[in-house]
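Accompanying notes for the structure given below.
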Amino acid sequence: MIVGLIGKVVKKDPTHLHINVNGVIYEVFVSLNCSSKVISDEVTVEITEIIREDAHALYGFVDSSEKKLFDTVIKINGIGPKVAMAICSTFTPSSFAQIVSNNDVNMLKRVPGIGPKGASRILVELSGVVIDATQEPENSINLEASLALESLGFKKDIVDRTLKTCSSTTTSELVREALKKLQK
């Protein structure tokens, strides 16, 4: 199993790279976001290797959170590597996490290859899954507080609106402040 490559970029297209690793040239499919981050000849990429009956493909990522997004999305039934790469090309991991948390079907339909039914299915399958592990501390505090308040029976949209008005810096203080506002 190939999990990473370190080598010299021989050819660069918007959707794939040819990387020379000690005399062996690998074709690695990348997202548009990843391709724009490759600015030098020397590159280190994390790899997701997909072996099928008719293909042996390498998908590369400069950013580990983008790789995590790809690996998460590809597990959804009906989503192949091309659509997963289109998602990675259209959104950053943090913006995709925001789309999933907001349950925004219209934004997800902007991805080539995803229609209304596919977008709805993706959002249903990913509800409750944390997409972006490298969230800023403030976002993770809000996420934890939101989950805590939702587990107490409050609706997500009301919780989100209430948390935006709160100013606490720790999860427990944020939950207490939000509870006071929600009980009014």
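Position 1 is the first residue of the sequence; numbering continues from there.
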Give every donor-acceptor pair under 3.5 Å between a side-chain atom in residues 176-183 and any protein atom, sequence neighbours left out.
from, atom 1, to, atom 2, distance (Å)
Glu177, OE1, Ser167, N, 3.3
Glu177, OE1, Ser168, N, 3.2
Glu177, OE1, Ser168, OG, 2.5
Glu177, OE2, Ser167, N, 3.2
Lys181, NZ, Thr165, O, 2.8
Lys181, NZ, Thr165, OG1, 3.3

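In this structure, CZ on Arg161 lies 12.0 Å from NZ on Lys155, to the nearest 0.5 angstrom. To the nearest 0.5 angstrom, Ile87 atom CD1 is 4.5 Å from Ile122 atom CD1. Separation of atoms NE2 (His16) and CD (Glu27) is listed at 5.0 Å; rounding is to 0.5 Å. Atom OG of Ser95 is separated from atom CE of Met107 by 7.0 Å, given to the nearest 0.5 angstrom.
A donor-acceptor pair under 3.5 Å links the side-chain atoms of Asn33 to the main chain of Cys88, judged by distance alone. A distance-only check finds a donor-acceptor pair linking the side chain of Arg121 to the backbone of Asn77 [under 3.5 Å]. Between the Lys12 side chain and the Ser35 main chain, a donor and an acceptor come within less than 3.5 Å of each other. Between the side chain of Glu46 and the backbone N or O of Gly4, no donor-acceptor pair lies under 3.5 Å.
The neighbour count for Asp157 CG, taken as heavy atoms of other residues, nucleotides or ligands under 6.0 Å away, is above 12. Applying the 6.0 Å contact sphere to CD1 of Ile51 captures more than 12 heavy atoms from other residues, nucleotides or ligands. With a 6.0 Å radius and a threshold of 12 heavy atoms from other residues, nucleotides or ligands, Lys109 has its NZ atom above the threshold.
Contact annotation: the side chain of Thr72 approaches that of Leu126 to within less than 4.5 Å [non-hydrogen atoms, C-beta and beyond]. Using a 4.5 Å heavy-atom threshold, the side chains of Val9 and Val43 count as touching. Under the 4.5 Å side-chain criterion, counting only non-hydrogen atoms from C-beta, Leu5 is not in contact with Thr44. Taking 4.5 Å as the limit, every side-chain heavy atom of Ile25 sits out of range of all side-chain heavy atoms of Ile19. Between Thr90 and Pro112 the shortest side-chain heavy-atom distance falls below 4.5 Å. Between Val45 and Leu58 the shortest side-chain heavy-atom distance does not fall below 4.5 Å. Side-chain contact between Val21 and Ile6 is absent, with no heavy-atom pair separated by less than 4.5 Å. With contacts defined as side-chain heavy-atom distances shorter than 4.5 Å, the pair Lys117/Ser120 does not qualify.
Across all their heavy atoms, Met85 and Val30 have their closest contact at SD-C, 3.7 Å. In plain terms, the two heavy atoms of Val100 and Leu123 that are nearest each other are CA-CD2, 3.8 Å. In plain terms, the two heavy atoms of Glu49 and Ile2 that are nearest each other are OE1-N, 2.8 Å. The shortest non-hydrogen separation linking Ala119 to Leu108 is O-CD2, 3.6 Å. Taking all atoms of both residues into account, the shortest heavy-atom contact from Val175 to Ala148 is CG2-CB, 4.1 Å. For Pro14 against Leu32, the heavy-atom pair with the smallest separation is O-CD2, 3.6 Å.
Each of Pro81, Pro93, Cys34, Ser65 was evaluated against Phe70; a single residue qualifies, Pro81, per the side-chain contact (heavy atoms from CB on, under 4.5 Å) test.
Salt bridge Asp71/Lys75: absent, no basic N to carboxylate O contact under 4.0 Å.
No path of Ile, Leu, Val, Met, Phe, Trp and Tyr side chains, each step under 4.5 Å between heavy atoms, connects Ile74 with Ile99, placing them in separate hydrophobic clusters. Cluster annotation: Val62 is not connected to Leu69 through the hydrophobic network of ILVMFWY side chains, with a link wherever side-chain heavy atoms come within less than 4.5 Å. Under a hydrophobic clustering in which Ile, Leu, Val, Met, Phe, Trp and Tyr are joined whenever their side-chain heavy atoms come within less than 4.5 Å, directly or via other members, Val3 and Ile50 fall into different clusters. A continuous path of ILVMFWY side-chain contacts below 4.5 Å connects Leu152 to Leu163, so both sit in one hydrophobic cluster. The cluster map of Ile, Leu, Val, Met, Phe, Trp and Tyr, joined by side-chain heavy atoms under 4.5 Å apart, puts Val73 and Val105 in the same cluster.
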Any chance you could lay out the side-chain contact (heavy atoms from CB on, under 4.5 Å) test for Asp41 and Val10, step after step, and finish with the verdict?
CA-CA 8 Å; Asp41 285 347; Val10 178; over 6 Å; no
Between Phe91 and Val111, does a side-chain contact (heavy atoms from CB on, under 4.5 Å) hold up when you go through it step by step?
CA-CA 9 Å; Phe91 305 113; Val111 177; 3.3 Å; yes
Set out, in order, the CA-CA distance, both residues' side-chain angles and the distance that settles side-chain contact (heavy atoms from CB on, under 4.5 Å) for Thr48 and Lys67, then state yes or no.
CA-CA 8 Å; Thr48 294; Lys67 181 183 185 317; 3.2 Å; yes
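Pairs engaging residues 20-46 under the ring pair (Phe, Tyr, Trp, His ring centres under 6.0 Å) rule: Phe29-Tyr59 [sequence neighbours left out].
Partners of Lys11 under the salt bridge (Lys or Arg N to Asp or Glu O under 4.0 Å) rule, at least two apart in sequence or in another chain, are Asp13.
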